[in-house]
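One structure below.
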Amino acid sequence: MCSSDLTAGLVPMLTAQENVELSLSLAGVERASIAERATEALVTVGLEGRRAHTAAELSGGEQHRVAIARALAKRPVLVIADEPTAQLDSETAAGIVALLCTVAKTGTAVLMATHDVAAVESADRVMLMEDGRLRAQGS
């Protein structure tokens, strides 16, 4: 797998754990808590068994989950996901949507732009845009 095949801006030669830790380090998180927070985030996305695998060794769905772990490790109040299910098979996409729904229930708001009908059906609130204009809102 070449680096252009990687999704989510992961560093191909770093492990899943190291990719999350790098993100935390760059965000200025206290050094003493970086490894623990990275591990916790990877457990949250179901990748505890893949922590030591390089990004290049992970499937597309696993790479997406590392990217989500990277975001969650920072403990944000808002996660913005732009087409999080793009280029994924339906089973992996459903897993990503379920994960984002779980995140939304923990107090982190999730804003998702998607064309994925299944993802839309999982949303608490839907806003439809057409030609750059808000066309309709649903609950």
Side-chain angles (χ1 to χ4, degrees):
M1 174 181 285
C2 67
S3 62
S4 63
D5 292 335
L6 290 174
T7 61
L10 301 178
V11 180
M13 72 284 291
L14 295 182
T15 65
Q17 178 84 21
E18 291 166 339
N19 267 283
V20 177
E21 288 177 358
L22 175 62
S23 177
L24 289 168
S25 180
L26 293 172
V29 171
E30 183 180 320
R31 183 173 263 171
S33 66
I34 287 177
E36 180 181 337
R37 284 175 64 172
T39 299
E40 177 184 296
L42 288 165
V43 168
T44 298
V45 301
L47 288 177
E48 58 274 9
R50 303 286 282 164
R51 290 177 27 222
H53 288 77
T54 66
E57 296 172 326
L58 300 174
S59 70
E62 289 169 334
Q63 291 173 25
H64 276 302
R65 288 190 284 161
V66 172
I68 293 169
R70 192 176 52 193
L72 296 178
K74 296 176 190 171
R75 300 181 180 150
V77 294
L78 171 66
V79 171
I80 300 174
D82 182 16
E83 296 290 354
T85 60
Q87 302 176 4
L88 298 177
D89 62 81
S90 59
E91 183 179 336
T92 303
I96 296 295
V97 170
L99 175 60
L100 291 172
C101 287
T102 299
V103 168
K105 292 175 183 164
T106 65
T108 299
V110 177
L111 175 64
M112 177 175 26
T114 188
H115 290 89
D116 183 342
V117 174
V120 170
E121 290 172 351
S122 297
D124 292 332
R125 183 170 183 198
V126 176
M127 301 177 86
L128 179 63
M129 291 198 67
E130 187 174 283
D131 299 325
R133 297 189 189 279
L134 186 62
R135 192 179 104 193
Q137 292 190 51
S139 52

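- In this structure, the side chain of R50 engages the main chain of E57 through a donor-acceptor pair within 3.5 Å.
- At least one side-chain heavy atom of K74 sits under 4.5 Å from a side-chain heavy atom of S23.
- In terms of heavy atoms, D116 sits closest to A118 at OD1-N, 3.0 Å.
- Heavy-atom minimum distance, E91 versus D89: N-OD1, 3.1 Å.
- Within the 3.5 Å criterion, the main-chain N or O of A73 finds a donor-acceptor partner in the side chain of R37.
- The structure places CG of L99 at 6.5 Å from CG of L72, a figure rounded to the nearest 0.5 Å.
- For the side chain to side chain contact (heavy atoms under 4.5 Å, CB included) with T85, the qualifying choice from L100, T92, V97 is V97, the only one to do so.
- A donor-acceptor distance shorter than 3.5 angstrom exists from the side chain of T44 to the backbone of E40, with no hydrogens or angles considered.
- In this structure, CG in L14 is found 9.0 Å from OG1 in T54, a value given to the nearest 0.5 Å.
- Put simply, the side chain of T39 never gets that close to the backbone of E36: no donor and acceptor are under 3.5 Å apart.
- Here T114 contributes atom OG1 and E83 contributes atom CD; the two are 4.5 Å apart, rounded to the nearest 0.5 Å.
- Of all the heavy atoms in L78 and T108, the pair that sits closest is N-CG2, 4.1 Å.
- Heavy atoms only, all atoms of each residue included: A35 and Q17 are closest at O-NE2, 3.2 Å.
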Problem set entry | Step-by-step side chain to side chain contact (heavy atoms under 4.5 Å, CB included) determination, V66 to V45 | CA-CA 8 Å; V66 172; V45 301; over 6 Å; no

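- For R65 against G46, the heavy-atom pair with the smallest separation is NH1-O, 3.6 Å.
- If you take CD on E21 and CZ on R31, they are separated by 11.0 Å, rounding to the nearest 0.5 Å.
- From S59, atom OG reaches atom NE2 of H53 across 11.0 Å, with rounding to the nearest 0.5 Å.
- The minimum heavy-atom distance linking L42 with A69 is given by the pair CD2-CB, 3.9 Å.
- Criterion: ILVMFWY side-chain heavy atoms under 4.5 Å apart, direct or through other members. Under it, L22 and M13 are part of a common hydrophobic cluster.
- Remark: the backbone N or O of L58 is paired with a side-chain donor or acceptor of Q63 at under 3.5 angstrom.
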Problem set entry | side chain to side chain contact (heavy atoms under 4.5 Å, CB included) assessment of R70 paired with L10 | CA-CA 10 Å; R70 192 176 52 193; L10 301 178; 3.3 Å; yes

